Asker: 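Quick one: this structure, given as structure tokens, is what I'll be asking you about.
This one's a predicted model, so the numbers in the text were calculated from it and none came from an experiment. Chain naming here is simple, since letters A, B, ... match the order of the sequence lines and numbering starts at 1 in each.
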Amino acid sequence: MPGKLPTRLLNICISSFCKLHRLDKAEAVLIDGIRLGVLPNVVTYNTLVAAYCRFVGIDAGCSVVHRMQVAGIRPNVITYNSLLAGASRQGQASVSLDLFEEMLKLGISPNLWSYNTLMHCFFRLGKPDEAYRVFHDIILSGLHPDPTSFNTLINGLCKNGYVDNALMLYKNLKRHQCQLELVTYNILIDGMCKVGRLKTARWILQELGNSGYVPDAITYTTIMKCCFRLRKFEEALEIFSEMKSRGYTFDGFAYCTVMGAFVKIGELKRAVDVAKAMLKSGIKLDIVFYNTLMNIYCKEGKVDAAFALLNEIEEKGLECNDYSHTILIDGLCKAGNIAGAQRHLQYLCSSGCKSNLVAFNSLINGMCKSGQVDYAVKIFKAMNMKDEFTYSSMVHNLCRKGRFRTASRLLLSCIKKGMNILKSSERVVLQGFLNSGFRREARKLQSKIRVPVVSGIRVDSVISCHRHQGQTKNFKPVFDVFTSESSRSCVPANWIVVDANDIETGEKETSYTPSYWSAV
DNA sequence: CTAGGGTTAG
């Protein structure tokens, strides 16, 4: 059996270099190995596929798969899982779907990891129904959901606005004595925090403790951020110092949260102080730290200083992300340099960056504010993606120019798309009609915008009867998930979307949409 | 090979 042991050594070597992000070295080792007669196997290529997907991109991952096929090695389920995850990370659902099909066609049957990844991918794309169908497929294909499946499901429900469904699922799992992980609690706490339900979040924190867990750095950061958003600054800062004393500020997350919060309320001096403290603490500076710092400079009106940081970022070997560029573009807009902002955005688009909605929103707003409303409308029309920020900007600025009919039309099409436009945007149009004597138009608009905010997914089955077997930390489903038709008698049928009041503690809490936060 | 916290716009 020549070559068996050397191949394992080759794989360990390649894997080590991949972990160090040194793909060039990994490739060199592969070439050397082949030259010495050490043949790579499926594990070798899977390692490379995973690394390329993570550090370069899905296309790079696919080309490694091609190389492996040329070398006469057939991809397996793990190969495809890496590709699926890569596509999911890049938000390319169609690619994920194609890969899934491709995998089936090749006779490779997906495993639980494949399904979990696919489910996560759909959730990230804002398609909870599709995601839930994947969850069903897990059951239908005879696999048992694992803790990650449920974590993904709970997280996806929260991130898509179904926090009460997520709570319900949590409750069901709990009722059936499933051992939940710390991650599960953190996911739920974050879900509650993001909609402003701090009381419920604290209740889950309690449950976390009751289950014998200790809150970790992630738990703390999550709750601290929520306190900031609810303007409970003393409480937030107390959490921050507790984190420091517990040794939970080993990375930049907490510092950047605090910096960001100070920037948001215009306390730039305090934000700078926190930045200095972070520099002094010796924590590794990452791109998020630099983004936050650039944002401070921009808000101080020192756009040049922000741009100057780009050199430092590059020297450190860090890579700018969408946030970096958006912060700079917005900085230019706010400084009145619309042309510069436009140039930077154009440069981004031409260098193959995928469209950056936030940057476009910034630009549109900046143009309007500098009096170029018509030009902004032109760009608005050309945009293929728009959100409530886009509409809000246009509606407000059109109203400022007295163009209420156009504003009204945009407002309605925004609502029709199911977006949460600011109440103040609705008001400004109505008020505009009234002030300029268009009473009929105002009434007509009012009747149209008073639409109830709707429903969630009606999930026609209930996760039920999963019982923890005791011996391991994994759940072992004892029964399957029932559909409402087949087991109406034994489980409560649908997940009902409960409105803002808390279903667990019974306490009244108002649930806010995310867009509300920035308006507070 | 899958899941959780930080940075952007109205």
Asker: Would you mind telling me which of B:dA3, B:dC1, B:dA9 lies closest to the side-chain atoms of A:Val183?
Answerer: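 Looking only at heavy atoms from C-beta outward on A:Val183, the closest nucleotide is B:dA3.
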Asker: Can you check the A:Asn116 CG to B:dT2 P distance for me, whole Å?
Answerer: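 Whole-Å distance recorded here is 11 Å.
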Asker: Starting at CD1 of A:Ile283 and ending at C1' of B:dG5, how long is that distance when rounded to a whole Å?
Answerer: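 Going from A:Ile283 (CD1) to B:dG5 (C1'), I get 14 Å.
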Asker: Could you verify whether a donor N or O on one side chain and an acceptor N or O on the other, from A:Asn151 and A:Thr148, lie under 3.5 Å apart?
Answerer: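 There is no such pair between these side chains.
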Asker: What contact category does A:His120 fall into here, base, sugar-phosphate, or nothing, at under 4.0 angstrom with non-hydrogen atoms?
Answerer: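 Touches sugar-phosphate only.
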Asker: If you check every side-chain atom of A:Asp251, which of B:dG5, B:dA9, B:dC1 has the closest atom?
Answerer: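 Comparing B:dG5, B:dA9, B:dC1 against the side chain of A:Asp251, the answer is B:dG5.
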Asker: Check whether any side-chain nitrogen or oxygen of A:Arg400 sits under 4.0 Å from OP1 or OP2 of B:dG10, and answer yes or no.
Answerer: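 A:Arg400 to B:dG10 OP1/OP2: no side-chain N or O under 4.0 Å.
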Asker: Name all stems that contain residues of DNA chain B, defined as runs of 3 or more consecutive Watson-Crick or G-U wobble pairs, both distances under 3.5 Å.
Answerer: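 So far as stems of 3 or more pairs are concerned, DNA chain B shows none.
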Asker: Report which part of the nucleic acid A:Ser392 touches: base, sugar-phosphate, or nothing (heavy-atom distance under 4.0 Å, all strands).
Answerer: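 Touches a base.
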Asker: Atom CD1 of A:Ile265 to atom P of B:dT7: distance rounded to whole Å?
Answerer: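 Result: 14 Å.
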Asker: So, does A:Asn295 get its side chain near the phosphate of B:dT8, meaning an N or O under 4.0 Å from OP1 or OP2?
Answerer: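 Result: yes.
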Asker: Between B:dA3 atom P and A:Trp113 atom CH2, what is the distance in whole Å?
Answerer: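 In whole Å, B:dA3 P and A:Trp113 CH2 are 9 Å from each other.
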Asker: Kindly say whether A:Ile12 contributes a backbone atom to a donor-acceptor pair with the side chain of A:Ser16 at under 3.5 angstrom?
Answerer: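 Indeed, once roles are kept as given, a pair shorter than 3.5 Å links the two residues.
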Asker: In whole angstrom, what separates A:Ile327's CD1 from B:dT7's P?
Answerer: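 Roughly 10 Å, once rounded to whole Å.
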Asker: Rounded to whole Å, how long is the line connecting atom CD1 of A:Ile239 with atom P of B:dG6?
Answerer: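 For the pair A:Ile239 CD1 and B:dG6 P, the rounded distance is 14 Å.
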Asker: Would one find a side-chain N or O of A:Arg54 under 4.0 angstrom from OP1 or OP2 of B:dC1?
Answerer: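 Answer no for this pair, as no side-chain N or O of A:Arg54 is under 4.0 Å from OP1 or OP2.
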Asker: Hey, are A:Glu235 and A:Lys225 close enough for a salt bridge, meaning a charged N less than 4.0 Å from a carboxylate O?
Answerer: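 Result for this pair is no, no salt bridge flagged.
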Asker: Establish, from distance only, whether the side-chain atoms of A:Lys159 and A:Asn155 form a donor-acceptor pair under 3.5 Å.
Answerer: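 Present: a donor and an acceptor within the cut-off.
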Asker: Which nucleotide wins on minimum distance to the side chain of A:Asp190, given the candidates B:dA9, B:dA3, B:dG5?
Answerer: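 Among B:dA9, B:dA3, B:dG5, the one nearest the side chain of A:Asp190 is B:dG5.
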Asker: What about the rings of A:His344 and A:Phe307, do their centers lie closer together than 6.0 Å?
Answerer: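 Yes, the ring of A:His344 comes within the 6.0 Å limit of the ring of A:Phe307, centre to centre.
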Asker: Answer yes or no: does a side-chain N or O of A:Lys386 lie under 4.0 Å from OP1 or OP2 of B:dG10?
Answerer: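 The answer is no; no side-chain N or O of A:Lys386 sits under 4.0 Å from OP1 or OP2.
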Asker: Tell me if the aromatic rings of A:Phe228 and A:Phe240 count as close, with their centers under 6.0 Å from one another.
Answerer: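 Ring centres of A:Phe240 and A:Phe228 not closer than 6.0 Å.
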Asker: Side-chain N or O of A:Lys264 versus OP1/OP2 of B:dG6: is the shortest distance under 4.0 Å?
Answerer: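 A:Lys264 to B:dG6 OP1/OP2: no side-chain N or O under 4.0 Å.
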Asker: Choose from B:dT2, B:dC1, B:dG5 the nucleotide whose nearest atom is closest to any side-chain atom of A:Asp146.
Answerer: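 For A:Asp146, the side-chain atoms sit closest to B:dT2.
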Asker: With respect to the side chain of A:Asn321, which nucleotide from B:dA3, B:dT7, B:dG10 is positioned closest?
Answerer: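 Looking only at side-chain atoms, A:Asn321 lies closest to B:dT7.
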Asker: If the condition is side chain to side chain donor-acceptor pair (under 3.5 Å), which residues does A:Asp137 pass it with, not counting sequence neighbours?
Answerer: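 Scan of A:Asp137 (side chain to side chain donor-acceptor pair (under 3.5 Å), adjacent residues dropped) gives none.
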Asker: Decide if the gap between the ring center of A:Phe380 and the ring center of A:Tyr391 is smaller than 6.0 angstrom.
Answerer: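 Judged by ring-centre distance (under 6.0 Å), A:Phe380 and A:Tyr391 do meet the cut-off.
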Asker: Can you tell me if A:Asn160 uses its side chain to pair, donor with acceptor, with the backbone of A:Phe123 under 3.5 Å?
Answerer: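 Checked: pair present.
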Asker: Does B:dG6 have OP1 or OP2 under 4.0 Å away from a side-chain N or O of A:Lys225?
Answerer: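 Yes, within the criterion.
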Asker: Just checking A:Thr326: base, sugar-phosphate only, or nothing, at a heavy-atom cut-off of under 4.0 Å?
Answerer: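 The residue A:Thr326 makes base contact.
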Asker: So what does A:Arg124 hit on the nucleic acid, given a heavy-atom distance under 4.0 Å: a base, only sugar-phosphate, or nothing?
Answerer: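 Nothing, no nucleic acid heavy atom in range.
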Asker: Looking for any heavy atom pair under 4.0 Å, which part of the strands does A:Asn46 touch: base, sugar-phosphate only, or nothing?
Answerer: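 It contacts nothing in the nucleic acid.
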Asker: What contact category does A:Asn397 fall into here, base, sugar-phosphate, or nothing, at under 4.0 angstrom with non-hydrogen atoms?
Answerer: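 Answer is nothing: A:Asn397 stays at 4.0 Å or more from every strand.
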Asker: Using only heavy-atom distances, determine whether the side chains of A:Asn356 and A:Thr326 contain a donor-acceptor pair under 3.5 Å.
Answerer: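 Present: a donor and an acceptor within the cut-off.
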Asker: B:dC1, B:dG10, B:dG6: which one has an atom nearest the side-chain heavy atoms of A:Ser82?
Answerer: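 Nearest to the side chain of A:Ser82 among the choices is B:dC1.
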Asker: Rounding to an integer number of Å, can you tell me how far A:Met119 CE sits from B:dC1 C1'?
Answerer: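 Rounded to the whole Å, the gap is 15 Å.
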Asker: From CG of A:Leu398 over to P of B:dG10, roughly how many Å is that when rounded to an integer?
Answerer: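 Atom CG in A:Leu398 sits about 17 Å away from atom P in B:dG10.
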Asker: Does anything in residues 213-221 of chain A come within less than 4.0 Å of DNA chain B? Heavy atoms only, and list the residues if so.
Answerer: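 Here the set is A:Asp216, A:Ala217, A:Ile218, A:Thr221.
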Asker: Would you say the side chains of A:Thr44 and A:Asn41 form a donor-acceptor pair under 3.5 Å?
Answerer: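 Short answer, yes.
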Asker: Check whether any side-chain nitrogen or oxygen of A:Lys299 sits under 4.0 Å from OP1 or OP2 of B:dA9, and answer yes or no.
Answerer: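 It does, given that an N or O in the side chain of A:Lys299 lies less than 4.0 Å from OP1 or OP2 of B:dA9.
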